[in-house]
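Everything below concerns the one structure shown next.
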Amino acid sequence: MALGKYDPEAVERKWQQTWQDSGCFEVEVDSAKPKYYVLEMFPYPSGKIHMGHVRNYSIGDVVARFKSMQGFNVLHPMGWDAFGLPAENAAIKNSTHPATWTYQNIAEMREQLQRLGYSYDWRREIASCRPEYYKWEQKFFLKFLEKGLAYRKDSPQNWCPSCNTVLANEQVEEGLCWRCDSEVEQKDMEQWFLRITDYADELLADLESLEGGWPERVLNMQRNWIGRSYGAELTFKVKDMDQTVSVFTTRPDTLFGATFMSVAAEHPLVETLTADAPNKAEIDAFVANIRNMDRIKRGADDLEKEGIFTGKYCVNPVTGADMPIYIANFVLMGYGTGAVMAVPAHDQRDFEFARKYGLPLKTVINPAELDATGEVLAEADLQAAYTDPGILVNSGDFSGMDNESAKKAIVEHLDSSGLGTMAVNYRLRDWNVSRQRFWGAPIPVIYCPDCGVVPVPEDQLPVLLPENAQVRSDGKSPLPAMEEFVNCTCPACGAAARRETDTFDTFFESSWYYMRYCDPRNESEPFSQEATGYWMNVDQYIGGIEHAILHLLYSRFFTKALRDTGFIKADEPFANLLTQGMVLKDGGKMSKSKGNVVDPNSMISRYGADATRLFILFASPPVKELEWSDQGIEGAFRFLSRLWRLVEELEDRLEAVRPTSFNDPQTDAARQLRFKEHDTVRRVTRDIENEFQFNTAIAAVMELVNEMYALKDELADDAPKALSSAIATAVTLLSPVAPHLCEELWAAMGHAESLARQSWPTFAEDALVKDEVTLVVQVNGKVRGKFEAPNDAPKDDVEKIALGLENVAKFIEGKTVRKVIVIPNKLVNIVAN
RNA sequence: GCCUGGGUGGUGGAACUGGUAGACACCCGAGACUUAAAAUCUCGUAAUCUUCGGAUUGUGCGGGUUCAAUUCCCGCCCCAGGUACCA
């Protein structure tokens, strides 16, 4: 077989067909083999793949092919995160059904991914918008409902006026909708929630088990998001009223210094407290003003602290002092209890508030150094709150205690009277999963006028999304107006009832798709225990950092919830996580508005899939950002052509040998090439295993190819065997990155079996032993010369040669040699002065 | 403010447990081949100086440890991401 000119398109199409015909990447449960599950985040079928996808999937493909060659049974699936708003928008624009647009996009994107030669088991492909898929999450929801993990609640929600739907807390970014950047409003609505907060502790604790496998910053982002703080819940009696106010505080040790109380404008007690206030109108206006303020303004750093006195007092349980109750604009209903005990001497916000409204300050924590002198921090002198640790003062029996011990002691004291307990508070809120959208999975419940909320019986699943729906031009979901969908009979009593018209948040689908991949065609259950027992967890998950909180937190929660409802045995879904960096152009993110988008298709048709993959993996390590370079991909293409030409030139003399099979060099050149060949195996293997350093792995193969070019004419009789072995090694090592070209060259050497089925090469230690090594000579730490010496030459010999070097002698002349440090086979440092 | 990363040539990036800083590639320059161009091949390419042997400086800044520091320690500056009136 003659190779001829390198034509990427022809080579790539040929091997893609071959792999498909032979079922090369199709895998089954095989308990005799160790498994490896590599997964890339499944794409939203927007219509076209972009460079970010190419990077994500190329990284995953190298891992999959590498692990497979190492002997693992590799699960490497692909599918589509197919529900979502863009399909509805496109449907409005083209007046079609969102499904039409979605399935068309899937077909196009599948073809593009196939053109890139990724080693997916396409039989396992899933699309989350198919009833065979969402049927199971409807079932999960019913189980959650049964377990009390799902509940319905009426409360203020984040509302995006542009998307016409509510958003989860995680989907609001700086007060804006995560998807469309519209300002998010607050709206009272009845919605379905999942009790993710029940798992707050476990979600936090298990992050420890991911240490090492997940990037530290993602673990930290999740920790911050869950936001656990330790403190106490204290109860204050309202004076002259049969009411109490509870607060959460991390500083119960400062209770003796609490001089007033601040509550949020939304606090349920506000109305009761102010009912008989003489300035009721003024208070109402103040409250309304805060409530109507948008999130951004209200959350601004420089927002002036403002408040208004309710006219009521509560009683400090330890001092008995009256504490005026204020409504304050900086107190948030969404955190803690929506009420704060104000300790102006030891909290900066309370300090500012107290100064503004002339409220009393009382020092109760004294800096230890000051305390030693017998003095106490003077309230009048305070320029800011004292928030550091110290010794309690003015605190009755607790005075003299250090403030850490006092936290516990004071809460225990209150506990006896039922006014305080230790408490843990989380920033995490329950997950609102209701969306007022059409293109999503219907929430399987029915509202009966007599029975209330009734779950759809399991045998009536799936609740199908109607195929005949007409999307509305105003963007609202058509479901509430579709009588044939809405009207139904109550499964409990048979009366006429209404079906829920909200659909699930699309993060519902992406929270469990990796489990479905394990058993994607199962019609009797979401997945079998056998399949998930073998394949789960995902060994390596790869995707963008933008999912660090949302998707990854929801998936972790889902795994635990499905474990507790008996579906799966795993505690965590993803053992290892790689977050790849963004693909940039001219220093900025590629975007249509900037007009700097590089279309993968044009690159593939021009340079081929192999060159595109090679460049994107070579230009930068996976976790870093990648600057796209048009010259760079040309360089990648040039290297592949160079390798191709080398094999073409030698084709007649090559033998179908295994990598690193050449082991009896006769010439120095052959010894040198053999060293390089084995060293390359060592480096490439190490670089891929350590942090997926594909860039340096590729560089190592480039060096090997350069070495072959440099030595090929000096190999004499060793040439055929030495070169055959080195080329076999080069194409094998490079095959995960540029699989098509490598298969072609492998075949050209005379191999009948696919390279994809070969085992990963190993290196021989003896090949890495050099007869001669270069030693560097330093004088006082500066390089002054170098020389060749036999491997493991005796220290004394090495020292003698080093001291005798001309340039070295120059630098030690007139000085006394104090010490000579010899690092074997590396370096000699002469210390002289 | 707090948390997490990160600052190395003209550019992307290397440097295994402290041991020749700049691998590999891009760009650029010179030469070979060619009628010519492209492609390809060879060589050069941190800065400054140079008697062309080499010398000096150099991994954000300032200190320190060490025979030896991009690597370890202390203090600062800058950049990116996350997060926050969180009580």
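All chains are named by letter (A, B, ...) in the order of the sequence lines, taking the proteins before the strands, and each is independently numbered beginning at 1. Just so it is clear, the model here is predicted, and its values are computed rather than measured.
For the pair A:Arg784 and A:Phe811, the distance from NZ or CZ to the six-membered ring centre is under 6.0 Å and the angle to the ring normal is within 45 degrees.
For B:rG13, the base adopts the anti conformation, since its glycosidic angle falls more than 90 degrees from zero. Taking 90° from 0 as the syn/anti boundary, the base of B:rG64 is oriented anti.
Dashed line: the shortest gap from a side-chain N or O of A:Asn706 to OP1 or OP2 of B:rA25 is under 4.0 Å. Residue A:Thr249 places none of its side-chain N or O atoms closer than 4.0 Å to OP1 or OP2 of B:rA87. Listed pair A:Asn695 / B:rA14 meets the phosphate criterion, a side-chain N or O lying under 4.0 Å from OP1 or OP2. A close approach under 4.0 Å does not occur between any side-chain nitrogen or oxygen of A:Arg645 and OP1 or OP2 of B:rA39. When the side-chain nitrogen and oxygen atoms of A:Arg427 are compared with OP1 and OP2 of B:rA84, one or more of them lie within a distance under 4.0 Å. The side chain of A:Arg349 places an N or O atom within less than 4.0 Å of a non-bridging phosphate oxygen (OP1 or OP2) of B:rC86. Between B:rG58 and A:Lys782, no contact under 4.0 Å exists linking OP1 or OP2 to a side-chain N or O.
B:rU4 atom P lies 18 Å from atom CH2 of A:Trp214, rounded to whole Å. One interatomic measurement links the two molecules: CD of A:Glu691 to P of B:rG5, which rounds to 13 Å at whole-angstrom precision. At whole-Å resolution of the value, CG in A:Leu827 and C1' in B:rA21 are 14 Å apart. Atoms CG (A:Asn220) and P (B:rA84) sit 15 Å apart, rounded to a whole Å. Between the CZ atom of A:Arg638 and the P atom of B:rA38 there is a distance of 13 Å, given to the nearest Å. Between A:Trp628 atom CH2 and B:rC27 atom C1' the separation is 17 Å, expressed in whole Å. Atom CG of A:Asn833 is separated from atom C1' of B:rC67 by 11 Å (rounded to the nearest Å). The interatomic distance linking A:Leu428 (CG) with B:rA84 (C1') rounds to 16 Å, in whole Å.
Using a 4.0 Å heavy-atom cutoff across all strands shown, A:Asn807 reaches sugar-phosphate atoms only and no base atom. Note on A:Glu703: only backbone sugar-phosphate atoms sit closer than 4.0 angstrom, heavy atoms only; bases stay farther off. Looking at heavy-atom distances under 4.0 Å, A:Phe618 makes contact with a base. Within 4.0 Å (heavy atoms only), A:Gln778 reaches at least one base atom of the nucleic acid.
When the P atom is compared between B:rC73 and B:rC85, the two are found 34 Å apart, to the nearest whole Å. Distance noted for atom C1' between B:rC24 and B:rC74: 36 Å (whole Å). Rounded to whole Å, the separation between the P atoms of B:rU48 and B:rC43 comes to 25 Å. Taking atom C1' in both B:rG64 and B:rA14, one finds a spacing of 28 Å when rounded to whole Å. Taking atom C1' in both B:rC61 and B:rC16, one finds a spacing of 29 Å when rounded to whole Å. Straight-line distance between the C1' atoms of B:rG18 and B:rC3: roughly 29 Å, to the nearest whole Å.
Nearest to the side chain of A:Arg784, among B:rC86, B:rC41, B:rA55, sits B:rA55. Candidate nucleotides B:rG82, B:rU20, B:rU83 were compared by shortest atom distance to the side chain of A:Met221, and B:rG82 ranks first. Across B:rG5, B:rC85, B:rC67, the shortest atom-to-atom separation from the side chain of A:Lys819 is found for B:rC67.
In this structure, B:rA87 makes no Watson-Crick or G-U wobble pair, since no nucleotide meets both defining distances under 3.5 angstrom. Pairing of B:rA47, defined by two Watson-Crick or G-U wobble distances under 3.5 Å, is identified with B:rU56. The pairing partner recorded for B:rC41 is B:rG31, the criterion being a Watson-Crick or G-U wobble arrangement whose two distances lie under 3.5 angstrom. In this entry B:rG81 has B:rC3 as its Watson-Crick or G-U wobble partner, both defining distances falling under 3.5 Å. Remark: B:rU71 base-pairs with no nucleotide in the shown strands. Criterion, Watson-Crick or G-U wobble with two distances under 3.5 Å.
The local environment of NZ in A:Lys815 is crowded, with over 12 non-hydrogen atoms from other residues, nucleotides or ligands closer than 6.0 Å. Within 6.0 Å of the CD atom in A:Glu806, the count of heavy atoms belonging to other residues, nucleotides or ligands does not exceed 12.
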Test log, rule salt bridge (charged side-chain N to carboxylate O under 4.0 Å, His left out), inputs A:Glu216 and A:Arg223: CA-CA 10 Å; A:Glu216 196 55 40; A:Arg223 281 188 191 110; 3.8 Å; yes

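Under the 4.5 Å side-chain criterion, counting only non-hydrogen atoms from C-beta, A:Asn780 is in contact with A:Val831.
In this structure, A:Asp679 contributes its side chain and A:Leu768 its backbone to no donor-acceptor pair below 3.5 Å.
Taking OG1 from A:Thr729 and NZ from A:Lys676, the interatomic distance works out to 13.0 Å, rounded to the nearest 0.5 Å.
The ring of A:Phe353 has its center closer than 6.0 angstrom to the ring center of A:Tyr326.
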